[in-house]
Visitor: 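Have a look at this one before I ask anything.
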Amino acid sequence: MPMDMIADRIMSIAPTKTRFDRHWSSMRNIEIKIRVSDKQRMSQLLKDVGAQYISTVDQHDYYLAMGKNKEKLRVIDNREFCLISYRRAENAGKKDSTFELTELTALEADRILNSRRVIKEVRKSRQLWTYLHTGIHLDEVDGMGSFLELETAICDITYEEGAEEFERVAAKLSIDSAKGIPASYSDMVPELGVSRVAEHYLVSNDVENG
């Protein structure tokens, strides 16, 4: 997903920010993750309920902090970079999260990955859909399979309105909001060894010279 599309979405959440800002904070979502057995059928269902397809992107997440307070550096289609910090209790069912997002240049991303230890990595292909204030992610995660995520953004609506929309979208997709996966993708993959981390720095020294 191009970073300007991410910025456009966040701009609707935080209209007081200017388009030149590269950092957004205190964003809030209501979200859930479920496993999907038939990705094609789910894509058709999303069309049938009126969700809008945006694009399909490749994402590579480098996790720098784990636990309730997670931090990851995300690479999108190997050309867009952002640092995402978020707090979320990994309980079953729907859950609240708050997050901050900072856009990065390739050089900034490289410096972060060369100065901090990467704990885990997650690679996935993500179909991006939207329905009103709800972002819908249909993911194919390397080594794990297919998943669907709902993220209802509390933007220009009250929390109560967001919770109502979340339940409405979940019902349209036949999702039991009490039975979501109680884990991040990062909780579902093994921790990297030090030698493996060294192989996965993002950008070569050519970036600095180019």
Side-chain angles (χ1 to χ4, degrees), residues 1-2 5-6 9 27-63 66-68 70 72-78 80 82 84 86-99 118-154 162-192 196 200:
M1 182 180 190
M5 188 177 293
I6 295 173
R9 180 166 183 259
M27 303 296 103
R28 188 178 186 186
N29 285 334
I30 304 170
E31 58 188 79
I32 195 169
K33 179 193 285 93
I34 63 166
R35 188 173 287 277
V36 173
S37 58
D38 189 333
K39 189 176 176 182
Q40 186 172 356
R41 179 178 176 276
M42 180 58 73
S43 292
Q44 185 59 53
L45 181 57
L46 289 171
K47 294 177 185 177
D48 293 344
V49 303
Q52 179 184 1
Y53 172 75
I54 303 300
S55 64
T56 298
V57 296
D58 290 324
Q59 296 182 343
H60 188 169
D61 291 338
Y62 297 83
Y63 282 82
M66 295 292 295
K68 288 186 177 180
K70 291 183 170 67
K72 61 189 175 186
L73 192 153
R74 171 165 290 171
V75 183
I76 305 166
D77 287 336
N78 207 33
E80 305 285 348
C82 59
I84 304 171
Y86 62 101
R87 179 176 179 82
R88 180 177 65 206
E90 300 297 359
N91 50 277
K94 68 179 181 181
K95 60 200 77 174
D96 290 357
S97 70
T98 57
F99 70 94
V118 177
I119 303 171
K120 297 189 177 186
E121 290 183 46
V122 174
R123 296 175 184 260
K124 59 185 176 289
S125 173
R126 167 165 287 179
Q127 290 183 21
L128 295 155
W129 300 70
T130 61
Y131 185 96
L132 299 177
H133 301 86
T134 301
I136 304 170
H137 306 152
L138 186 53
D139 294 338
E140 189 67 29
V141 185
D142 284 10
M144 288 191 275
S146 302
F147 299 84
L148 182 81
E149 293 184 340
L150 302 182
E151 294 184 354
T152 300
I154 309 305
E164 182 180 341
E165 177 181 316
F166 176 91
E167 293 293 348
R168 187 165 66 251
V169 176
K172 284 178 177 289
L173 299 174
S174 300
I175 295 172
D176 185 344
S177 62
K179 295 183 178 180
I181 295 173
S184 159
Y185 292 135
S186 61
D187 297 318
M188 300 162 68
V189 297
E191 185 169 327
L192 295 174
R196 179 169 166 77
H200 286 77

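Keep in mind that this is a model prediction, so the values were computed, not measured.
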Visitor: When you measure from the side chain of Lys33 to the backbone of Ala183, do you find a donor-acceptor pair of N or O atoms at a distance under 3.5 Å?
Guide: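 Flag set: sc Lys33 to bb Ala183 pair under 3.5 Å.
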
Visitor: Identify, with sequence neighbours excluded, every residue that meets salt bridge (charged side-chain N to carboxylate O under 4.0 Å, His left out) alongside Asp142.
Guide: none

Visitor: Check whether any side-chain heavy atom of Gln127 sits under 4.5 Å from a side-chain heavy atom of His137, and report yes or no.
Guide: no

Visitor: Apply the side-chain hydrogen bond (donor to acceptor under 3.5 Å, both in side chains) test between His60 and each candidate in Lys124, Arg74, Glu121, Lys72; give the one that qualifies.
Guide: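 Considering Lys124, Arg74, Glu121, Lys72, a side-chain hydrogen bond (donor to acceptor under 3.5 Å, both in side chains) with His60 is found only for Glu121.
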
Visitor: Please name all residues satisfying salt bridge (charged side-chain N to carboxylate O under 4.0 Å, His left out) with Lys47, sequence neighbours left out, ordered by chain then number.
Guide: none

Visitor: Nearest 0.5 Å please: distance from the CD1 atom of Ile154 over to the CG atom of Asp96.
Guide: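 Separation between the atoms: 7.5 Å.
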
Visitor: Which residue pairs pass the ring-ring contact (aromatic ring centres under 6.0 Å, His included) test when at least one of the two sits in residues 165-192, sequence neighbours left out?
Guide: Phe147-Tyr185

Visitor: Which residues satisfy the side chain to side chain contact (heavy atoms under 4.5 Å, CB included) test with Ser184, sequence neighbours excluded?
Guide: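 Expected list: Tyr63, Lys70, Tyr86, Arg88, Glu90, Ser186, Asp187.
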
Visitor: Measure the spacing between CD1 of Ile84 and CG of Asp61 and express it to the nearest 0.5 Å.
Guide: 6.5 Å

Visitor: If we only count heavy atoms from C-beta on, is the Leu128 to Thr56 side-chain gap below 4.5 Å?
Guide: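 Side chain of Leu128 against side chain of Thr56, heavy atoms only: no contact under 4.5 Å found.
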
Visitor: Are the side chains of Glu31 and Lys95 in touch, meaning some heavy atoms are under 4.5 Å apart?
Guide: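 Yes; the side chains approach each other to less than 4.5 Å.
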
Visitor: What distance separates Thr98 OG1 from Met27 CE, expressed to the nearest 0.5 Å?
Guide: 10.0 Å

Visitor: Would you check if Ile136 and Leu148 make a side-chain contact, meaning some heavy-atom pair closer than 4.5 Å?
Guide: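 Sidechains of Leu148 and Ile136: in contact.
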
Visitor: Looking only at the side chains, is there a donor atom on one of Thr134 and Glu165 sitting less than 3.5 Å from an acceptor on the other?
Guide: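 Present: a donor and an acceptor within the cut-off.
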
Visitor: What distance do Ser43 atom OG and Trp129 atom CH2 have between them, rounded to the nearest 0.5 Å?
Guide: 5.5 Å

Visitor: Just by distance, do the side chain of Asn29 and the backbone of Ser97 share a donor-acceptor pair under 3.5 Å?
Guide: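 No: the side chain of Asn29 does not pair with the backbone of Ser97.
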
Visitor: Show me the donor-acceptor pairs, under 3.5 Å and distance only, between side chains in residues 170-178 and residues at least two apart or in other chains.
Guide:
| from | atom 1 | to | atom 2 | distance (Å) |
| --- | --- | --- | --- | --- |
| Asp176 | OD1 | Ala178 | N | 3.0 |
| Ser177 | OG | Glu167 | OE1 | 3.2 |
| Ser177 | OG | Glu167 | OE2 | 3.2 |

Visitor: Do you see a donor-acceptor pair shorter than 3.5 Å between the side chains of Ser146 and Glu140?
Guide: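 A pair is found: one side chain offers a donor N or O, the other an acceptor, under 3.5 Å apart.
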
Visitor: More than 12 non-hydrogen atoms from neighbouring residues, nucleotides or ligands closer than 6.0 Å to CD on Glu164, yes or no?
Guide: no

Visitor: With sequence neighbours excluded, tell me which residues meet salt bridge (charged side-chain N to carboxylate O under 4.0 Å, His left out) with Asp139.
Guide: Arg126

Visitor: If we ignore hydrogens and angles and just use 3.5 Å, is the side chain of Lys120 paired with the main-chain N or O of Val189 as donor and acceptor?
Guide: yes

Visitor: With a 4.5 Å cut-off on side-chain heavy atoms, are Arg123 and Gln59 touching?
Guide: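 Not in contact.
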
